[in-house]
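Comments concern the structure below.
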2 protein chains.
Amino acid sequence: MSDLSREEAELLHSQCCQAVADPKRIRIVYALHDKERNVTNLAGYLDTPQSTVSRHLKELLNRGMVTSRREGPAVVYSLTDDRIIHALDIMRQVLADTLRRQAQLVELLSD
Amino acid sequence: MSDLSREEAELLHSQCCQAVADPKRIRIVYALHDKERNVTNLAGYLDTPQSTVSRHLKELLNRGMVTSRREGPAVVYSLTDDRIIHALDIMRQVLADTLRRQAQLVELLSD
DNA sequence: TCCATGTATGCGGCTATCCGGACACATGGG
DNA sequence: CCCATGTGTCCGGATAGCCGCATACATGGA
């Protein structure tokens, strides 16, 4: 693979991570893992303006992480690939261990 | 868990993802998975100014994703937890499948 | 102490991202 | 056709991120 296309691939890779690098989008992804939802439902669930939710969904849609389907006047979104949840869970575990380690350091200091 | 601390946890979770949401940082993480390296080594490997690499490493260090160790005048960085690579690989697979799916759609259109 | 090597940071600029409110567009029923 | 419901987009502003250059700081040897 050429350097150029490798760089491009890494850019795409980073953009996938970028897609879940926002608190609201993480909540959206987990919420859609629970069950498919439309925009208004998510807006209520996240206590966030509809326009904001719509824009986040557009981001996730562009990355192919969610799928949309029209249902009457509403648009129902669902998670494309559950492995995204798997990756997020791994990151959460790494985070948890990191925080645990840091907490232990704090205890050492206070002794 | 209270709403406040849950929000805080989600913020931390998103910041972990943010840490690997940059092409150069992704390359750094994979490069450190290969072997531990100092800043100059990484700067040469990435063909990127030393100051830029140093700042990215600081980000990763703040998130606890890398560990630093002084070795003479140099500072050697290493990956804290290999599960980060696992999570990144999963994202890459999801990306690959997404691109494959999109490529198939393109073929359908050109028929 | 002075110097070479290696690393971190302040600075200025540019770009990207996130946001809510207002408004336009789409859909289906009356 | 008009309206209610639901969704997407434009706007303007505020914030955060990334960058290279120059420079200050740290370390160990001469």
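Only this structure's heavy atoms are used, side chains among them; waters, hydrogens and symmetry mates stay out.
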side-chain hydrogen bond (donor to acceptor under 3.5 Å, both in side chains) partners of B/Glu71, counting only residues at least two apart | B/Arg69
For A/Arg63, check side-chain hydrogen bond (donor to acceptor under 3.5 Å, both in side chains) against everything at least two apart and list the hits.
-> none
Under the ring-ring contact (aromatic ring centres under 6.0 Å, His included) rule, what pairs show up with a residue in residues 71-105 of chain B, not counting sequence neighbours?
-> A/His86-B/His86
Just how far, in rounded Å, is C1' of C/dA16 from CD of A/Gln15?
-> 12 Å
Length of the line joining B/Leu11:CG and D/dA16:P, which is rounded to integer Å = 11 Å
Chi angles and distances behind the salt bridge (Lys or Arg N to Asp or Glu O under 4.0 Å) call for A/Arg55, A/Glu59 = CA-CA 6 Å; A/Arg55 235 174 307 120; A/Glu59 282 300 310; over 6 Å; no
For D/dG6, does OP1 or OP2 lie under 4.0 Å from any side-chain N or O of A/Tyr77?
-> no
Under 4.0 Å between a side-chain N/O of A/Lys58 and OP1 or OP2 of D/dG8, yes or no?
-> no
Please check if any side-chain donor atom of [X] sits under 3.5 Å from a side-chain acceptor atom of [Y], or the reverse.
X       : Y       : answer
B/Arg92 : A/His13 : no
A/Thr67 : A/Thr80 : yes
A/Tyr45 : A/Asp34 : no

Looking at five pairs on each end of the helix from C/dT1-D/dA30 to C/dG30-D/dC1, what is the angle between the two axes, given to 10 degrees?
-> 10°
For nucleotides 17-30 of chain D, just jot down a letter per nucleotide in 5' to 3' order: B, S or -, based on protein non-hydrogen atoms under 4.0 Å.
-> -SBBBB----SS--
Under 4.0 Å between a Lys/Arg side-chain N and an Asp/Glu carboxylate O for A/Asp81 and A/Arg83?
-> yes
For DNA chain D, find the residues of residues 26-42 of chain B with a heavy-atom distance under 4.0 Å and give them by number; none if there aren't any.
-> none
Is there a donor-acceptor contact under 3.5 Å from the side chain of A/Thr98 to the main chain of A/Ala96?
-> no
